[in-house]
Asks: 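Before I ask anything, here is the structure I am working with.
Fair warning: this is a prediction, and the values are worked out from it, not measured in the lab. Throughout, protein chains are lettered first and strands after them, A, B, ... in sequence-line order, and every chain is numbered starting at 1.
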Amino acid sequence: MTTPQYWLMKSEPDDCSIDDALAAPEQTVPWTGVRNYQARNFMRDAMRVGDGVLFYHSSCPEPGIAGIARVASATRTDPTQFDPKSAYFDKASKKEAPRWLLLDVQALRKTRVLGLAEMREMPALEEMRVLQRGNRLSITPVTKGEWDAVVAQLA
DNA sequence: GCCAACGTTGGC
DNA sequence: GCCAACGTTGGC
């Protein structure tokens, strides 16, 4: 039994919002489109079923945390890398050695949006990975302290 | 649309 | 292995 871990996962709401995830079967969506090795390695090497996920809306009018979710599966091959019609197609990825993985994310509840500006005002989030200058990772680790502070702020 | 910041690619 | 050029991310 390992201690639960916490993550923040960015999604463009035009692509998959917290509402979309809640409306999916079992409130679960395959997290397609991760095309960054560091983020992939988090999924493959560190994320475990049951880990907490802050569901973050990016590239939208109101960026911020929009819901709470959980990791719902281990990793498997992301099929969109082999689909020439997909925006996530990767012509350099070979079937016999897929580069990209996904895992399932289960939405648990929608929250009010905890916006970026409000997050930056929270002392408990001062060192939060996603808020660091220049961060572009779509999946970042969240400490228990940060998780608790976010959940309390949303309550 | 702008632009800062970063990751990846590819020539050498 | 270096590093310039390029593409992408993502807030504003």
Asks: Roughly, in whole Å, what's the span from CG in A:Asp14 to P in C:dG11?
Replies: 13 Å

Asks: Between C:dC12, B:dG7, C:dG10, which one does the side chain of A:Ser59 approach most closely?
Replies: C:dG10

Asks: Compare every heavy atom of A:Ser73 with every heavy atom of A:Asp104, then report the nearest pair and how far apart it is.
Replies: N-OG, 2.8 Å

Asks: What is the separation between atom CG on A:Asp15 and atom C1' on C:dT9, rounded to the nearest whole Å?
Replies: 14 Å

Asks: Just how far, in rounded Å, is P of C:dT9 from CG of A:Asn36?
Replies: 10 Å

Asks: I want to check one thing: is the phosphate of C:dT9, taken as OP1 and OP2, less than 4.0 Å away from some side-chain N or O of A:Lys10?
Replies: no

Asks: So if I take every side-chain heavy atom of A:Arg136 and compare against C:dG11, C:dG7, B:dT9, which nucleotide ends up nearest?
Replies: C:dG7

Asks: Looking at A:Tyr37, I'd like to know whether one of its side-chain N or O atoms comes within less than 4.0 Å of OP1 or OP2 on B:dC6.
Replies: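 Checking A:Tyr37 against B:dC6: no side-chain N or O falls below 4.0 Å of OP1 or OP2.
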
Asks: To the nearest Å, give me how far apart CD1 (A:Ile139) and P (B:dG7) are.
Replies: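 The distance from CD1 of A:Ile139 to P of B:dG7 comes to 15 Å, rounded to the nearest Å.
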
Asks: Starting at CE of A:Met119 and ending at C1' of C:dG10, how long is that distance when rounded to a whole Å?
Replies: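 Atom-to-atom, A:Met119 to C:dG10, this comes out as 14 Å.
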
Asks: What integer distance in Å separates A:Arg40:CZ from B:dG7:P?
Replies: 15 Å

Asks: State, yes or no, whether a side-chain contact exists between A:Ser58 and A:Pro63 at a heavy-atom distance under 4.5 Å.
Replies: no

Asks: Nearest to the side chain of A:Gln38, heavy atoms from C-beta on, is which of B:dT9, B:dG7, C:dG11?
Replies: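 Per side-chain heavy atoms of A:Gln38, the pick is B:dG7.
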
Asks: Rounded to the nearest angstrom, tell me the gap between atom CZ in A:Phe89 and atom P in C:dT8.
Replies: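 Result: 15 Å.
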
Asks: Compute the centroid of each ring, for A:Tyr37 and then for A:Trp100, and state whether the two points are separated by less than 6.0 Å.
Replies: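 Yes.
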
Asks: Look at the side chain of A:Lys144 and the backbone N and O of A:Gln5, then say whether any donor-acceptor pair between them is shorter than 3.5 Å.
Replies: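 No; zero donor-acceptor contacts below 3.5 Å.
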
Asks: Decide yes or no, distance alone: a donor-acceptor N/O pair under 3.5 angstrom between the base of C:dT8 and the side-chain of A:Arg35.
Replies: no

Asks: To the nearest Å, how far apart are A:Leu131 CG and C:dT9 P?
Replies: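 Distance check: A:Leu131 CG to C:dT9 P gives 20 Å.
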
Asks: Quick one: are the ring centres of A:Phe42 and A:Trp31 less than 6.0 Å apart?
Replies: no

